[in-house]
Each structure stands twice: as C-alpha cells, then as structure tokens.
Amino acid sequence: MSSSEGAPESWISSFCSLMGHEYFAEVSEDFIEDDFNLTGLQSQVPMYKEALEMILDVEPEEDEEEEEEEEEEDDDEILGDEKPPGYRRAGERRHTRVASDLSVIESSAELLYGLIHQRYITSRPGIQQMLEKYEMQHFGICPRVYCNGCKVLPVGRSDTPGQETVKLFCPSCQDLYTPPNSRFHSVDGAFFGTTFGCLFFMTFPDLEIGPRFETPTGPSLPSTNNQASFQPREINGVRTINFSPGLGNGKVYEAKIYGFRVSERSRAGPRMKWLRMKPGDITALDEMGLYQSYHGTADNDGDTEMGVASGGAQNSAIAKRKKAPMRRRRFNNQMNINGADAV
C-alpha cells in the first residue's frame with residue numbers, strides 16, 4: 001500500500017486505516033522502540049521478534065545469511081557438486097517459510113500491536129491523541145435516550161486478550177454498551193484495557209460531559225432537600241456538572257399504562273431503578289467532607305479538630321449510645337448470680 005504522495009505506507013498506518021479499526025490510535029515508533037514499554041509482552045505473543053519487525057517495517061536479519069548460502073550454492077554448482085533429490089535452494093526454502101509463517105506473523109503482529117496500544121493510550125501522548133478522537137466523536141454517542149447524545153469512549157472489561165470484545169463507556173450514565181456497528185464486534189477489548197476509561201476522565205476533569213442536544217423544558221420537580229438548590233462547583237477536584245448528568249430524578253424511564261405508573265410489584269413493573277438514581281444534593285457524594293464533618297481533621301500532634309461547632313456534642317452523644325449496652329449487660333449480670341436472681 002502507498003499513500004497519495006507516493007511514499008510507502010507504514011504497517012501501523014495501514015492497520016489503523018482498516019475497516020473496524022477506527023477506535024485505534026496510531027502508536028508512535030519511538031514508543032515501540034523503547035524496550036521498557038514492551039516489558040512482559042514477549043511471553044504473551046508467539047513469534048514476538050518477527051511480529052515486532054513487521055510492525056516497525058524492519059527487514060528480517062536472516063537475509064544476509066541466506067545470501068551467503070546462495071553464494072556458496074553457486075560456487076558448488078560451478079564446481080559440479082551434486083545435491084540429493086530432496087535438496088532445495090535457500091530461495092526456495094525462504095519462499096516456503098514465508099508462505100507458511102506469514103499468516104502467523106501477521107496475527108502475532110496484530111496481537112502485539114493491540115497490547116502495545118493498551119499501554120500507549122495511558123501515556124501522555126497516547127491519551128492526548130485519544131482526546132482528539134473523542135472530541136471529534138470518532139467513537140459515537142450513547143444509545144440511551146436520557147443521555148442526550150453524550151459521547152462515549154472505547155474500553156475493555158479485561159486486560160487479558162481473548163476474553164471479551166471492546167465496549168463503549170458512557171460518562172453520563174456510567175454504563176457500558178456494545179458498539180452498534182457489527183464491524184467492531186471482532187475487536188478485542190484488551191487492546192483498550194480497564195484502566196483507560198477512568199484515567200481519561202481523571203486526566204481531563206474539565207471535559208464537558210453534559211448533553212449535546214437540547215433537552216425539552218418541562219415542569220421542574222420539587223426538591224426534597226433545601227440544600228439541593230445550592231451545589232458546589234467542584235468536589236474533590238471534579239466538576240459537579242460532570243457527575244453522571246444522565247442519571248437522577250426525571251431521567252429514569254417510567255412505565256405507564258393510560259397515564260398511570262405501573263407498580264414495582266407488578267410482573268411487568270420497573271426493576272432496579274435505584275441503579276439510575278442520583279442524590280438530589282450532590283454534596284452527599286463528598287465522602288471526605290462528610291467524614292471530616294463528623295470526625296474532624298487530625299493535626300500533626302494527633303489531636304482532632306472538629307469541622308463543625310456541634311461536633312463535640314455529637315461525639316458525646318455517640319459515646320453515650322455506645323456505652324449504654326455495656327451498662328445494661330453489667331446490670332443483668334448482677335441480677336443473675338449462679339442461676340438465681342439476686343435479692
């Protein structure tokens with residue numbers, strides 16, 4: 001294959017341009033040539049050396065030895081030496097080896113590139129390249145209606161090849177989906193791995209995850225919490241607007257018959273709705289803040305400073321509740337001595 005400029009196309013470019021490989025990023029050759037990035041892959045890939053040479057478009061090292069053998073054979077022919085009937089020349093042996101091993105080397109090269117790709121997309125240049133593909137919507141959108149066209153990201157459920165195919169992760173509903181196009185159903189999920197999805201959104205916390213489409217405006221539901229109207233901009237370095245915008249009240253499908261909601265006790269009623277729910281007050285997800293408000297923050301001397309004014313009273317009340325069962329048990333032991341009640 002050759003590009004439009006006439007220069008031969010590299011193996012990596014031709015592999016990523018195949019149909020069904022649109023999710024892959026083009027791994028740089030500098031990353032592949034670094035032996036540290038390939039640690040442990042030699043034991044997982046058959047014909048590792050040949051596969052690596054194919055990926056990097058490196059000529060095999062056996063060519064020089066075969067040329068020397070051909071020169072020796074030419075000298076023998078000049079001298080008139082006879083060969084056995086089953087003897088084959090070096091060129092014929094090379095042709096037979098290439099014809100039999102080319103398919104094996106090709107499959108090994110695809111496996112090796114996929115495992116390298118799993119590591120590359122978690123590096124700085126690789127995750128930046130996947131960000132460009134994500135913003136250009138190369139991976140598609142979430143099929144869920146209430147996610148309003150949120151862009152998805154390819155991930156894997158296993159880091160071991162041959163377990164499962166690639167899945168699509170939606171940051172709006174925090175769920176996985178099978179790619180709608182069947183040409184991606186043969187792509188191994190291990191080529192993307194289990195780390196990439198979470199690491200991607202931790203690396204880019206300011207990324208807009210909200211709906212792409214305009215949502216229809218309707219009557220606002222009354223809030224059960226007075227604090228729900230005020231939401232902090234960030235919690236633990238993450239923007240609150242990116243906390244699963246496709247979940248929560250009003251974004252869960254309600255089964256209805258003639259306008260009446262179907263009971264959950266019905267055979268056809270809704271199931272597992274709590275998986276789609278989200279607290280009205282987003283501060284309930286700030287576990288560190290809640291822990292500090294109840295237990296306080298410990299200083300260098302080990303003393304505890306309460307985060308709120310009523311912290312001491314709460315701790316004393318908790319201590320009383322913990323000691324009450326102990327006093328009751330001691331009192332019961334005094335009432336029962338050797339199986340008889342004390343007077």
Side-chain angles (χ1 to χ4, degrees), residues 1-3 7-62 97-134 136 138-140 152-169 179 181-197 199-200 203:
M1 299 179 65
S2 60
S3 60
E9 188 178 15
S10 63
W11 186 93
I12 298 176
S13 300
S14 61
F15 176 81
C16 295
S17 61
L18 294 175
M19 182 176 295
H21 292 178
E22 289 83 356
Y23 293 169
F24 287 93
E26 293 191 12
V27 183
S28 63
E29 295 185 358
D30 296 336
F31 184 87
I32 301 177
E33 292 174 353
D34 189 350
D35 295 336
F36 177 78
N37 299 325
L38 310 182
T39 304
L41 297 182
Q42 188 171 1
S43 60
Q44 303 182 37
V45 180
M47 304 187 71
Y48 171 83
K49 182 180 179 181
E50 292 80 0
L52 185 60
E53 291 175 349
M54 178 176 288
I55 293 175
L56 296 176
D57 298 320
V58 177
E59 293 295 334
E61 298 179 355
E62 300 177 357
R97 182 184 64 83
V98 171
S100 60
D101 298 342
L102 184 59
S103 59
V104 179
I105 298 176
E106 184 70 27
S107 61
S108 298
E110 294 179 0
L111 174 60
L112 179 59
Y113 182 81
L115 295 177
I116 296 174
H117 182 270
Q118 176 194 132
R119 302 181 179 186
Y120 176 71
I121 59 179
T122 57
S123 64
R124 185 182 298 272
I127 204 169
Q128 186 68 33
Q129 188 174 348
M130 295 297 283
L131 173 64
E132 297 175 0
K133 296 172 71 68
Y134 177 82
M136 297 176 64
H138 284 185
F139 310 124
V152 293
L153 200 68
V155 296
R157 294 182 58 186
S158 175
D159 293 328
T160 305
Q163 299 294 327
E164 286 190 3
T165 58
V166 65
K167 306 299 179 183
L168 297 177
F169 171 71
N181 200 321
S182 60
R183 64 186 179 185
F184 299 110
H185 294 176
S186 60
V187 179
D188 201 318
F191 296 165
F192 298 88
T194 58
T195 303
F196 168 65
L199 181 63
F200 180 85
T203 307

Q. To the nearest 0.5 Å, how far apart are CD in Glu110 and CD1 in Ile55?
A. 9.5 Å

Q. Where is the tightest heavy-atom contact between Val166 and Pro179, given as atom of each residue plus distance?
A. O-CD, 3.4 Å

Q: Check Tyr113 against Cys16 and note the closest heavy-atom contact, atom names and distance.
A: OH-SG, 3.4 Å

(Q) Just so I know, are the side chains of Val104 and Pro46 near enough to count as touching, which here means a heavy-atom distance under 4.5 Å? (A) no

Q. Are any non-hydrogen side-chain atoms of Tyr48 and Leu38 less than 4.5 angstrom apart?
A. yes

Q. From Leu52 CG over to Asp35 CG, what is the distance, rounded to the nearest 0.5 angstrom?
A. 8.5 Å

Q: Step through it carefully: locate the ring centre of Phe169, locate the ring centre of Phe200, and say whether they are under 6.0 Å apart.
A: no

Q: Quick one: pull up CH2 in Trp11 and CG in Asp57 and give me the separation to the nearest 0.5 Å.
A: 9.0 Å

Q: Any chance you could measure Leu131, atom CG, to Ile121, atom CD1, to the nearest 0.5 Å?
A: 13.0 Å

Q: Indicate yes or no: at least one non-hydrogen side-chain atom of Glu26 is less than 4.5 angstrom from one of Ser10.
A: no

Q) Where do Met54 and Ala109 come nearest, in terms of heavy atoms and distance? A) SD-CB, 3.9 Å

Q.
For the CZ atom of Arg183 and the NE2 atom of His21, what is their distance to the nearest 0.5 Å?
A. 11.0 Å

Q) Between Glu164 and Asp188, which heavy-atom pair has the shortest distance, and what is it? A) O-OD1, 3.2 Å

Q.
Using the rule ring-ring contact (aromatic ring centres under 6.0 Å, His included), only one of Phe15, Phe31, Phe191, Phe192 pairs with His117; which is it?
A. Phe192

For residues 155-162, please give each side-chain donor-acceptor pair under 3.5 Å, one per line with the distance, not counting sequence neighbours.
| unit_1 | atom_1 | unit_2 | atom_2 | d |
| --- | --- | --- | --- | --- |
| Ser158 | OG | Thr160 | N | 3.1 |
| Asp159 | OD1 | Thr194 | N | 2.9 |
| Asp159 | OD1 | Thr194 | OG1 | 3.3 |
| Asp159 | OD2 | Thr194 | OG1 | 3.1 |

Q) Would you find a donor on one side and an acceptor on the other, under 3.5 Å apart, between the side chain of Gln44 and the backbone of Gln42? A) no

Q: Determine the minimum heavy-atom distance between Ala51 and Ser108, stating which atoms define it.
A: CB-C, 3.7 Å

**Q.** Heavy-atom check, side chain of Ile127 versus side chain of Thr122, under 4.5 Å
**A.** no

**Q.** Candidate pair Ile32 and Ile12, rule side-chain contact (heavy atoms from CB on, under 4.5 Å), full reasoning
**A.** CA-CA 11 Å; Ile32 301 177; Ile12 298 176; 3.8 Å; yes

Q) Is there a donor-acceptor pair closer than 3.5 Å between any side-chain N or O of Asn37 and the backbone N or O of Ile116? A) no

Q | Heavy-atom side-chain proximity of Gln128 to Arg124 below 4.5 angstrom | A | no

Q: Calculate, to the nearest 0.5 Å, the distance between atoms OG and CG belonging to Ser13 and Leu18 respectively.
A: 11.0 Å

Q: Start with the C-alpha gap between Lys133 and Tyr23, add the side-chain angles, then the distance that decides, and say whether side-chain contact (heavy atoms from CB on, under 4.5 Å) holds.
A: CA-CA 8 Å; Lys133 296 172 71 68; Tyr23 293 169; 5.9 Å; no

(Q) Could you check whether any side-chain heavy atom of Thr195 comes within less than 4.5 Å of a side-chain heavy atom of Arg119, counting everything from C-beta outward? (A) no

Q. Hey, is the main chain of Val58 close enough, under 3.5 Å, to the side chain of Glu53 for a donor-acceptor pair?
A. no

Q.
Contact between Met130 and Tyr120 at the side-chain level, heavy atoms closer than 4.5 Å - yes or no?
A. no

